[in-house]
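Below you'll find the structure, written out as structure tokens, and then a few comments.
Computed over heavy atoms, backbone and side chain alike; hydrogens, waters and symmetry mates excluded.
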Amino acid sequence: MTTYSHTLVILACLLLAGCASMPGGDPKTLPPQSQYDSVIADSDGRLLSINQLAEELAPADVVVIGEYHGHHGAHLLQSLLQSALHQQRPQQVLSMEQFTLNHQAELDDYLAGQSGEEELIADANAWPNYKASYRPLIEFAKNRNLPVVAANAPEDIVRCIGRSGADYLERLDKERRRQLPEAPFVDTPGYRQKFLEALGAGHGTSHDQPDNSERMENSYKAQLLRDNTMADRVIRTLEQNPGHQVIHLTGTFHAEERLGVVAVLEKKRPDLEVAVVSPVFWGPGDQLDSLLEDHRGKGDYLYFLQPLPQEYKDSERHREAIMEQFRNAADLSCD
């Protein structure tokens, strides 16, 4: 057997069937070896292959797969798990944060073969990393005539909520408002503090910096609109497709610790079985046991990835990049 063939056999063993041993070390201590690799574990620390994970997830009504946007390993795991779950539950629907509900028609046109990929990317405002990250998932669904749900709230509405506050929804015409959840800002315990801490805010902001507090509150309402819209779209999808399993893809913040979209789903439909698969970075010097101890609550199942490269070392260039995003957003009118 050639070296190349031997490598492929090892890779297939690791990803699909699971291996009792791995070249070069104990599988319980071996970290991901490249940006494409992932190490999967359940809440008890038991290591799983993709197929084993799919078998355990098969009974769930909704499988929420968190991601680090643009991470090769996260998107490869999503694609492999989509395929493995389809073998368990052929009646499958893919739900995606990465498309907004106002572009469902354009997404459906592409799935029906009525438009090309570049037309989909342009007309549905696909994310810049669509081809590298989400193309395999869309093509899998397209080739098997599986529905794909554009699950996120329209970006202009989200941004105007973040700028003007929740009352902005009252300015929408009836058709646009009807597409959004009837209760668009359902909240759940613990999520607000986590969100504020992620933005660098803390306790006491409302007393010390009222203007900043209002801006933070508006940003949080925008986050809640995303979560509630995604949950609403998943619920509607299950109602329209009884017996199907929904795979929902989202940034990990929207799902880990069963907060965000997961908490809203469970609040609105407590009868649903929702499983959460969350990513965790495995950095240099980390050990599996300590990672499991620190992150076990993030999901029913965890998959460990190499950290992404640091984006900026020059703080001034980082600041300028952030300011450029704000300048680009300033063109949006929320009148």
Side-chain angles (χ1 to χ4, degrees), residues 57 60-71 73-75 77-78 81-82 93-103 126-127 129-130 133-134 137 148-155 157-159 161-162 166 180-181 183-201 216-238 246-269 272-281 295 297-303 305 308:
L57 292 172
D61 300 300
V62 184
V63 177
V64 181
I65 310 176
E67 67 175 48
Y68 295 129
H69 298 318
H71 194 294
H75 300 306
L77 177 133
Q78 289 169 338
L81 188 53
Q82 177 193 34
V93 180
L94 178 64
S95 172
M96 302 182 69
E97 175 198 356
Q98 296 79 13
F99 287 97
T100 56
L101 60 82
N102 52 312
H103 292 303
W127 288 12
N129 61 325
Y130 171 81
S133 301
Y134 306 110
L137 294 139
V148 181
V149 177
N152 209 349
E155 186 60 29
I157 298 177
V158 172
R159 286 164 62 184
I161 293 292
L180 298 172
F185 304 114
V186 172
D187 200 353
T188 53
Y191 195 44
R192 179 188 298 272
Q193 186 60 32
K194 180 181 179 182
F195 181 82
L196 294 177
E197 289 173 356
L199 292 185
M216 289 291 183
E217 182 63 24
N218 291 345
S219 296
Y220 185 58
K221 284 293 195 294
Q223 178 80 355
L224 290 178
L225 179 62
R226 290 190 180 97
D227 292 326
N228 279 267
T229 301
M230 288 189 281
D232 185 66
R233 296 285 281 175
V234 169
I235 290 169
R236 291 191 193 187
T237 296
L238 288 170
V246 174
I247 299 174
H248 180 66
L249 309 184
T250 188
T252 186
F253 193 91
H254 290 283
E256 62 188 25
E257 299 174 39
R258 304 191 76 84
L259 295 173
V261 64
V262 178
V264 176
L265 273 172
E266 293 180 329
K267 194 167 187 175
K268 293 184 175 182
R269 282 288 304 273
L272 294 178
E273 183 175 345
V274 182
V276 181
V277 184
S278 297
V280 172
F281 284 136
H295 300 284
K298 285 190 173 181
D300 303 301
Y301 301 89
L302 302 177
Y303 65 102
L305 304 165
L308 291 165

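In terms of modelled atom types and a separation under 3.5 Å, the side chain of D227 and the main chain of G260 share no donor-acceptor contact. For the pair E257 (side chain) and K298 (backbone), a donor-acceptor distance under 3.5 Å is absent. In this structure, the side chain of E97 engages the main chain of G251 through a donor-acceptor pair within 3.5 Å. Between the side chain of Y134 and the backbone N or O of N129, no donor-acceptor pair lies under 3.5 Å. For the pair N228 (side chain) and L224 (backbone), a donor-acceptor distance under 3.5 Å is present. At distances below 3.5 Å, at least one donor-acceptor pair connects side-chain atoms of D300 with backbone N or O atoms of V276. A donor-acceptor pair is defined here as one N or O able to donate and one able to accept, closer than 3.5 Å; no such pair exists between the side chain of K221 and the backbone of V158. With hydrogens and angles ignored, the 3.5 Å screen pairs a side-chain donor or acceptor of R233 with a backbone N or O of A150.
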Applying side chain to side chain donor-acceptor pair (under 3.5 Å) to Q193 and E197, what does each step give before you reach the verdict?
CA-CA 6 Å; Q193 186 60 32; E197 289 173 356; 3.0 Å; yes

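When the side chain to side chain donor-acceptor pair (under 3.5 Å) test is applied to Y301, the partners found at least two apart in sequence or on another chain are E56.
A salt bridge is absent between R269 and D61: the closest approach of a Lys/Arg side-chain nitrogen to an acidic carboxylate oxygen does not fall below 4.0 angstrom. Salt bridge present: K194 and E256 bring a charged side-chain N and a carboxylate O closer than 4.0 Å.
Between Y191 and Y220, the ring planes lie tilted relative to each other; the angle falls in the 30° to 60° range. Ring-plane geometry between F281 and H71 is classed as tilted, the angle between the planes lying from 30 to 60 degrees on a 0 to 90 degree scale.
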